[in-house]
Amino acid sequence: MKIPLRLLCSIGVLLLLTGCVGTFALPATPEPAAVSPDSPTPTLLPPTLPSAAGETRLLRLWLPPQFDPSADTPAGRLLQARLDEFTARRPGLQVEVRIKAASGPNGLVESLSAAYAAAPAILPDLVALSRADLEAAAFNGLLHPLDGLTLVLNSPDWYPYARQLAQIQNTTFGLPFAGDVLALAGYADPLPARWAALEDKTYLFAAADPQASFGLAMYLSSGASLTDAQGQPHLDESALYSVLSFYARSVAEGNLSSTVLTYGDNSAAWKALEEQHANLGIVWTDEHLQEKPAAISIAPLPGLGETSITLARGSVWALAGSRPENQALAVELAEFLSEAEFLAEWSQAAGVLPPRPTALAAWQDPPLRAALEEISASARLLPPNELIMVVGKPFQQAIESVLKGEILPGQAAHTAAEQVK
């Protein structure tokens with residue numbers, strides 16, 4: 001019997017709430033104010049809730065190590081200065097920053113869950129979460145929705161993927177501040193706009209990636225969906241065959257080596273590209289932007305046909321605190337840290353893709369900026385964790401079997417599609 005994904009998620013949330021994090025009730029979310037699509041981004045106002053004389057008001061902020069404001073880096077110094085500016089406008093306010101591991105037993109989501117169950121008073125008012133962690137925390141009931149608390153996302157100054165990044169099941173749970181998009185990178189000049197223009201060039205990608213990110217991007221570029229009419233996980237056999245046939249032809253024509261099966265993530269693929277194991281690589285932009293190698297350029301990821309579609313992920317500011325009286329101030333800080341003018345400078349220093357067009361337009365490298373603008377405009381959000389858990393493994397196994405020459409693309413596509421049913 002097929003069970004809708006939404007129902008599966010709801011059951012999971014219920015079990016987690018009853019068995020792991022108690023029965024802490026979230027405050028009611030006010031109705032959003034009516035605004036026009038062209039509403040401007042709200043500007044930061046003077047403090048409306050001043051502290052009493054001599055009283056210190058604490059706002060807790062949790063971050064992963066990559067965004068540590070105490071780091072002696074240009075990005076760290078810029079973020080610390082921004083936090084200092086925010087507190088300087090509010091006498092008596094103290095922002096307490098805690099750095100939490102990005103993953104593992106002491107990671108952000110695990111720490112949120114533990115605090116929620118045992119000591120809600122120490123929860124952060126604001127937390128920086130990746131999209132994957134945002135989904136996990138929201139489905140576990142660890143976050144407060146932002147609907148009705150901010151109008152920032154009503155501004156037209158967001159890339160489409162950034163709006164998707166902020167929402168889960170039509171509810172806003174975050175304000176985006178960093179993006180990361182799958183792109184084509186390499187030494188060719190210019191980089192090919194179509195796979196038919198590969199000629200004698202070689203390419204690589206993380207073929208052992210359990211999410212099969214590149215394969216999914218190619219699959220979606222054909223117009224196929226990962227769900228059927230009932231919302232169930234689904235792999236279109238014909239579209240999958242087209243992707244696998246492309247890989248098989250690439251191997252046969254010498255454009256792709258089966259050694260790509262040793263690359264399990266983006267870092268491995270990027271390192272291999274830097275070592276010139278191939279002319280081209282399909283990589284996430286974060287590696288390129290953090291290193292900015294002069295010899296490697298980037299371009300939009302070609303699709304199977306005429307349409308270029310790529311996948312995006314990123315990070316957002318989310319509300320997790322147990323003190324309702326701090327929510328407005330936490331949202332104001334999130335807005336302050338997501339303003340385009342600040343993101344324009346900080347994103348370049350941090351090596352992340354700004355989710356706002358005006359922030360990217362301020363970058364100083366014209367060729368890189370133009371490529372990133374085109375890539376960002378064609379990006380769509382990486383499918384939800386729960387969906388990738390179902391379709392990712394059969395997809396990746398099909399890729400592996402074809403690259404190893406163990407099975408023909410048609411049979412591999414049929415097997416993967418049947419496994420998802």
Within-4.5 Å side-chain heavy-atom neighbours: Leu408 and Val402: no
Provide the closest heavy-atom pair for Trp363 versus Ala344 in the form atom of the first, atom of the second, distance. NE1-O, 3.5 Å
For this output row, return yes or no: ring centroids of Tyr247 and Phe205 closer than 6.0 angstrom. yes
Could you measure the distance from the CG atom of Leu261 to the OG atom of Ser401? Nearest 0.5 Å is fine. 9.5 Å
Are Trp284 and Phe214 an aromatic pair, judged by ring center distance below 6.0 Å? no
When you look at NZ of Lys393, are more than 12 heavy atoms from neighbouring residues, nucleotides or ligands closer to it than 6.0 Å? no
Using the ring of each side chain (for Trp, its six-membered ring), is Trp195 parallel, tilted or perpendicular to Tyr203, with breaks at 30° and 60°? tilted
Begin from the C-alpha positions of Asp365 and Lys292 and carry the test salt bridge (Lys or Arg N to Asp or Glu O under 4.0 Å) through to its verdict. CA-CA 11 Å; Asp365 185 335; Lys292 296 184 177 69; over 6 Å; no
Does any part of the side chain of Pro293, heavy atoms only, come nearer than 4.5 Å to the side chain of Trp270, both counted from C-beta? yes
Distance-only, no hydrogens or angles: does the Thr358 side chain make a donor-acceptor pair with backbone N or O of Ala340 under 3.5 Å? no
Strictly distance-based, threshold 3.5 Å: is any side-chain N or O of Tyr159 a donor or acceptor partner for the main-chain N or O of Ala379? no
Between Asn255 and Thr202, does the side chain to side chain donor-acceptor pair (under 3.5 Å) criterion hold? Intermediate values first, please. CA-CA 4 Å; Asn255 302 119; Thr202 56; over 6 Å; no
Derivation and outcome, side chain to side chain contact (heavy atoms under 4.5 Å, CB included), residues His277 and Thr259: CA-CA 10 Å; His277 292 185; Thr259 57; over 6 Å; no
So Arg380 and Leu311, side chain to side chain contact (heavy atoms under 4.5 Å, CB included) or not? Walk me through it. CA-CA 5 Å; Arg380 65 169 65 176; Leu311 297 177; 3.9 Å; yes
Going by the salt bridge (Lys or Arg N to Asp or Glu O under 4.0 Å) test, which pairs reach into residues 258-278, not counting sequence neighbours? none
With Asp180 via salt bridge (Lys or Arg N to Asp or Glu O under 4.0 Å) - residues at least two apart: Arg313
Might you work through the side chain to side chain contact (heavy atoms under 4.5 Å, CB included) test for Thr172 and Thr150, ending with a clear yes or no? CA-CA 10 Å; Thr172 302; Thr150 179; 5.7 Å; no
Hey, are the side chains of Glu386 and Phe139 touching, using non-hydrogen atoms and a 4.5 Å cut-off? yes
Walk me through it: do Gln80 and Asp84 pass the test side chain to side chain donor-acceptor pair (under 3.5 Å)? CA-CA 6 Å; Gln80 186 60 61; Asp84 291 343; 2.9 Å; yes
In the structure I gave you, are the side-chain heavy atoms of Leu273 and Tyr263 within less than 4.5 Å of one another anywhere? no
Do we get Arg82 above Phe336's six-membered ring, with its NZ or CZ under 6.0 Å from the centre and within 45° of the axis? yes
Face-on cation placement of Arg98 at Trp62 ring, 6.0 Å and 45° thresholds: no
Got a donor-acceptor contact below 3.5 angstrom from the Ser221 side chain to the Met218 backbone? yes
Restricting to non-hydrogen atoms, name the atom on Leu123 and the atom on Ala115 that form the minimum distance, rounded to 0.1 Å. CD2-CB, 3.7 Å
Would Thr56 and Gln94 count as a side chain to side chain donor-acceptor pair (under 3.5 Å) here? Give the steps. CA-CA 7 Å; Thr56 297; Gln94 177 186 350; 5.3 Å; no
Show the nearest heavy-atom pair for residues Leu244 and Ala413, with the distance to one decimal. CD1-N, 3.7 Å
Step by step, would you call Leu372 with Ile298 a side chain to side chain contact (heavy atoms under 4.5 Å, CB included)? CA-CA 8 Å; Leu372 291 174; Ile298 62 172; 3.4 Å; yes
I'd like to know if the side chain of Ser155 pairs up with that of Asp157 as donor and acceptor (distance under 3.5 Å, no hydrogens or angles considered). no
Ser338 (side chain) donor-acceptor with Glu335 (main chain) under 3.5 angstrom: no
Please confirm whether the backbone N or O of Pro210 pairs with a side-chain atom of Gln396, one donor and one acceptor, at under 3.5 Å? no
Kindly give the heavy-atom pair with the smallest separation between Gly264 and Ala208, and that separation in Å. CA-CB, 3.7 Å
Under 3.5 Å donor-acceptor, Ser378 side chain and Ile375 backbone: yes
To the nearest 0.5 Å, how far apart are CZ in Phe342 and CG in Leu78? 6.5 Å
I'd like to know if the side chain of Ser250 reaches the main chain of Phe246, judged simply by a donor and an acceptor atom lying under 3.5 Å from each other, with no hydrogens or angles considered. yes
Qualifying residue for side chain to side chain contact (heavy atoms under 4.5 Å, CB included) with Leu319, from Leu142, Leu143, Leu149: Leu149
Does some side-chain heavy atom of Pro64 sit less than 4.5 Å from a side-chain heavy atom of Leu108? yes
Which pair of non-hydrogen atoms, one from Trp317 and one from Leu61, has the smallest distance, and what is that distance? CZ3-CD1, 3.6 Å
Among Leu58, Leu126, Thr87, find the residue that satisfies the side chain to side chain contact (heavy atoms under 4.5 Å, CB included) test when tested with Val95. Thr87
For the pair Ser130 (side chain) and Ser315 (backbone), establish whether a donor and an acceptor sit closer than 3.5 Å, ignoring hydrogens and angles. no
Rounding to 0.5 Å, atoms NE2 (His288) and CG (Leu368) come to a distance of 6.0 Å
Supply the atom-to-atom distance Asn140 CG to Tyr116 OH, rounded to the nearest 0.5 angstrom. 10.0 Å
Nearest 0.5 Å, what's the CG-CG distance between Asp209 and Leu182? 9.0 Å
Quick one: are Ser242 and Ser222 in side-chain contact, heavy atoms under 4.5 Å? no
Lys/Arg N to Asp/Glu carboxylate O, Arg90 vs Glu332, below 4.0 Å: yes
Quick check on Gln397: does its CD atom have over 12 non-hydrogen neighbours (other residues, nucleotides or ligands) under 6.0 Å away? yes
State, yes or no, whether a side-chain contact exists between Pro192 and Leu184 at a heavy-atom distance under 4.5 Å. yes
Please check if the side chain of Glu237 supplies one atom and the backbone of Leu235 the other of a donor-acceptor pair under 3.5 Å. no
State whether the side chain of Arg131 and the backbone N or O of Gly314 hold a donor-acceptor pair below 3.5 Å, judged by distance alone. no
Taking everything shown except Glu341 itself, do over 12 heavy atoms lie less than 6.0 Å from its CD? no
Suppose we screen for salt bridge (Lys or Arg N to Asp or Glu O under 4.0 Å). Which residues come up paired with Glu345, at least two apart in sequence or across chains? none
Hey, could you give me the CZ/CD1 distance between Arg60 and Ile122, rounded to the nearest 0.5 Å? 7.5 Å
Where is the tightest heavy-atom contact between Tyr161 and Ser376, given as atom of each residue plus distance? CD2-O, 3.8 Å
Are the side chains of Pro300 and Thr310 in touch, meaning some heavy atoms are under 4.5 Å apart? no
